[in-house]
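Worksheet: one structure, shown below.
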Amino acid sequence: MYKALTQKSGFTLVEVIIVSAISVLIFGAMFASFQYSLRLINLSRSKLSAISVANDRMEYFRSLPYNNVGTIAGIPPGTIPQNNIISLNGIEFNERVLVEYVDDPADGLNVADTNGIPSDYKRVKVEYTWEINGVNGQIALISNIVPRSIETTAGGGTVRINVIDDQSNLLPGARVRLTNASSTSPIDVTKITDVNGEALFSGTPVDSNYEVSVTGPIAGKSYSVDKTYEATTTNPNPSLSPFSVLESDISTLTFQIGELSDINLVLKSSVTDSRFVEDFTSLGGITSYSSVASNGDELVLSDTAGVYDVYGEVYFEVIPTAIEAWQAVRVAANVPADTDYKVYFYTGAGAGPYTIIPDTDLPGNSGGFADSIIDISNLSPTLYPSFVVGVVLETSDVSVTPIIDEVGVYYREAETLMTNQSMGVRGSKIIGTDATANFIYKYDVSTTTDVNGEITGGG
């Protein structure tokens, strides 16, 4: 008897995993490709829409009368907004329009123009920026628009602005803003200086009270501002005042700006020679003493009925505000026969105890000094910013006493921080003169140092 065998077919778990992984890779790549294709389609659609908007707008500008081709508050003035937002196919495009006169080299440039008219024709630049799906786009179109008849300067002149840096070098890349708040011809135009540090505003409407402001940034750096100033009570005679533009005339002005930096001033006292003098007028200011007395303005040994003590001593502190270097000690003394004095130098404070400064730091100090001039210039001001002077008086004849008129300690004081000190900070830029012909400076401030003697500022 035979038994029939049956065999079942299918996928093992490993095979399922492999097939799934391959499917994920294939469909993942297809999905990424699909997304990329959609992105390209959207970008292409947005760019085509922008080109369509730009072409339509440029055709509109060309259709305008030549005298109307210009921007509102721009040079040349006209009916076109400088900035606008236009929508097409669900996309918002930021429009920026620049219209400027062109001085064609065919008939000479600037003052060399053969007919004296540098405003030969107009150039229109229209720029569009937009964002779609997190990606920014930008296009620009430029077109020249030529007058139907010969060029003319009727109603306009030229403003030439030269910009130099703080070293008087021509400065390209500076931002020059020309404004006029006139109710008839309001102007607000900004141009960038060319490689010659020049910004040319051809066809500027004839008017008065034009103002200019010049600044950066230039190459990512901040610069100061130079500008025209209106006359005020504080600046009645500005160096550069608002100016007028005359028909067929060229107004040339020069402005100077410099790179800004921070300022950090530390105010300190000067290094000065100083001294401390003990004249022994009284012993009230003496730190410690024994068996000595003040005889008017002299230091003497104490006595009882004319009999002097054989030994006496006095100690006083010398504490400079800020020591730079020790110099010398001068002792004014009268030393009769059989009397003597010695001077010692110690560390310590108040009534003691005192520690004598070793000979390694002040040679000869352990034995005392009996000279009228004692050199202490080798004494370290760092280790010994102050010290105590000890004076010993001795006599072997109790009928007489040594006399010390004064002890002077001479030293050099170091510079010290001057806190809460009023001071003025002034730049060199002059912007006018006052009623008495005194210069008015652009940067001129009065301030006070802080607790660290510092003045900090920027720009």
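In this text, all values refer to a predicted model and were calculated from it rather than measured experimentally.
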Q) Under the side chain to side chain contact (heavy atoms under 4.5 Å, CB included) criterion, do Phe93 and Thr129 qualify, and how do the steps go? A) CA-CA 6 Å; Phe93 298 96; Thr129 57; over 6 Å; no
Q | Gln256 and Ser168: CA distance, side-chain angles, deciding distance, side chain to side chain contact (heavy atoms under 4.5 Å, CB included) verdict | A | CA-CA 7 Å; Gln256 186 174 37; Ser168 298; 3.7 Å; yes
Please report the shortest heavy-atom distance between [X] and [Y], naming the atom on each side.
| X | Y | result |
| --- | --- | --- |
| Pro320 | Val318 | CD-O, 3.6 Å |
| Ser244 | Ser208 | OG-CB, 3.3 Å |
| Leu301 | Pro402 | CD1-CD, 3.8 Å |
| Val388 | Gly348 | CG2-O, 3.6 Å |
| Ile323 | Ala325 | CD1-O, 3.5 Å |
| Thr395 | Asp309 | CG2-O, 3.4 Å |

Q: Taking the six-membered ring for Trp and the single ring otherwise, decide whether the centroids of Tyr346 and Tyr315 are under 6.0 Å apart.
A: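 Judged by ring-centre distance (under 6.0 Å), Tyr346 and Tyr315 do meet the cut-off.
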Q. If you count the non-hydrogen atoms of other residues, nucleotides and ligands that lie under 6.0 Å from CZ in Arg57, is the total more than 12?
A. yes
Q. Can you tell me if CD on Glu259 sees more than 12 non-hydrogen neighbours from other groups inside 6.0 Å?
A.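 Yes, enclosed.
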Distance-only donor-acceptor hits, side chain of residues 355-373, under 3.5 Å, sequence neighbours excluded:
residue, atom, partner, partner atom, Å
Asp359, OD1, Asn365, N, 3.0
Asp359, OD1, Ser366, N, 2.8
Asp359, OD1, Ser366, OG, 3.3
Asp359, OD2, Ser366, OG, 2.6
Asp361, OD2, Tyr384, OH, 2.4
Asn365, OD1, Phe345, N, 3.0
Asn365, ND2, Phe345, O, 2.9
Asn365, ND2, Ile357, O, 2.8

Cut-off 3.5 Å, no hydrogens considered: what does the side-chain donor-acceptor table look like for residues 286-294, sequence neighbours left out?
residue, atom, partner, partner atom, Å
Ser294, OG, Phe280, O, 2.6
Ser294, OG, Thr281, O, 3.0
Ser294, OG, Gly296, O, 3.4

Could you tell me if [Y] and [X] have a donor-acceptor pair between their side chains, going purely by distance under 3.5 Å?
| X | Y | result |
| --- | --- | --- |
| Ser274 | Thr272 | no |
| Glu394 | Tyr311 | no |
| Asp375 | Ser377 | yes |
| Asn83 | Arg96 | no |

If I take atom [atom1] from residue [X] and atom [atom2] from residue [Y], how far apart are they, to the nearest 0.5 angstrom?
| X | Y | atom1 | atom2 | answer |
| --- | --- | --- | --- | --- |
| Asn334 | Thr339 | CG | OG1 | 7.5 Å |
| Glu230 | Leu240 | CD | CG | 13.5 Å |
| Asn84 | Thr71 | CG | OG1 | 12.5 Å |
| Ser261 | Lys221 | OG | NZ | 11.5 Å |
| Ile403 | Glu298 | CD1 | CD | 5.0 Å |
| Ser251 | Leu178 | OG | CG | 10.0 Å |

Side chain of [X], backbone of [Y]: donor and acceptor closer than 3.5 Å?
| X | Y | result |
| --- | --- | --- |
| Thr204 | Thr158 | no |
| Thr215 | Ser224 | yes |
| Thr193 | Leu171 | yes |
| Asn237 | Thr433 | yes |
| Thr304 | Val307 | no |
| Thr449 | Gln421 | yes |

Q. Are Lys227 and Glu211 close enough for a salt bridge, meaning some N to O gap below 4.0 Å?
A. no
Q) Would you call Glu100 and Lys125 a salt bridge, using N to O less than 4.0 angstrom? A) no
**Q.** Under the ring pair (Phe, Tyr, Trp, His ring centres under 6.0 Å) test, residues paired with Tyr411 that sit two or more places apart
**A.** Trp326
Q. Who are the ring pair (Phe, Tyr, Trp, His ring centres under 6.0 Å) partners of Tyr229, not counting sequence neighbours?
A.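 With sequence neighbours excluded, Tyr229 shows a ring pair (Phe, Tyr, Trp, His ring centres under 6.0 Å) to no residue whatsoever.
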(Q) Could you go through Tyr341 and Ile404, starting from their C-alpha distance and side-chain angles, then the distance that decides it, and tell me whether this counts as side chain to side chain contact (heavy atoms under 4.5 Å, CB included)? (A) CA-CA 9 Å; Tyr341 75 88; Ile404 306 296; 3.9 Å; yes
Q. Taking only residues at least two apart or on different chains, which pairs with a member in residues 403-412 satisfy salt bridge (charged side-chain N to carboxylate O under 4.0 Å, His left out)?
A.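 Non-adjacent pairs meeting salt bridge (charged side-chain N to carboxylate O under 4.0 Å, His left out): Asp273-Arg412, Arg330-Glu406.
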Q: List the steps and the verdict of salt bridge (charged side-chain N to carboxylate O under 4.0 Å, His left out) for Glu198 and Arg160.
A: CA-CA 7 Å; Glu198 179 183 275; Arg160 178 189 291 114; 3.2 Å; yes
Q: Test Ile164 against Leu170 for side chain to side chain contact (heavy atoms under 4.5 Å, CB included), laying out the working first.
A: CA-CA 4 Å; Ile164 57 177; Leu170 297 174; 4.2 Å; yes
(Q) Looking at Tyr441, I'd like to know if the NZ or CZ of Lys429 sits under 6.0 Å from its six-membered ring centre while staying within 45 degrees of the ring's axis. (A) no
Q: Name all residues meeting the side-chain hydrogen bond (donor to acceptor under 3.5 Å, both in side chains) criterion together with Glu127; count only those two or more places apart in sequence or in a different chain, and write none if there are none.
A: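 By the side-chain hydrogen bond (donor to acceptor under 3.5 Å, both in side chains) rule, Glu127 matches Gln138.
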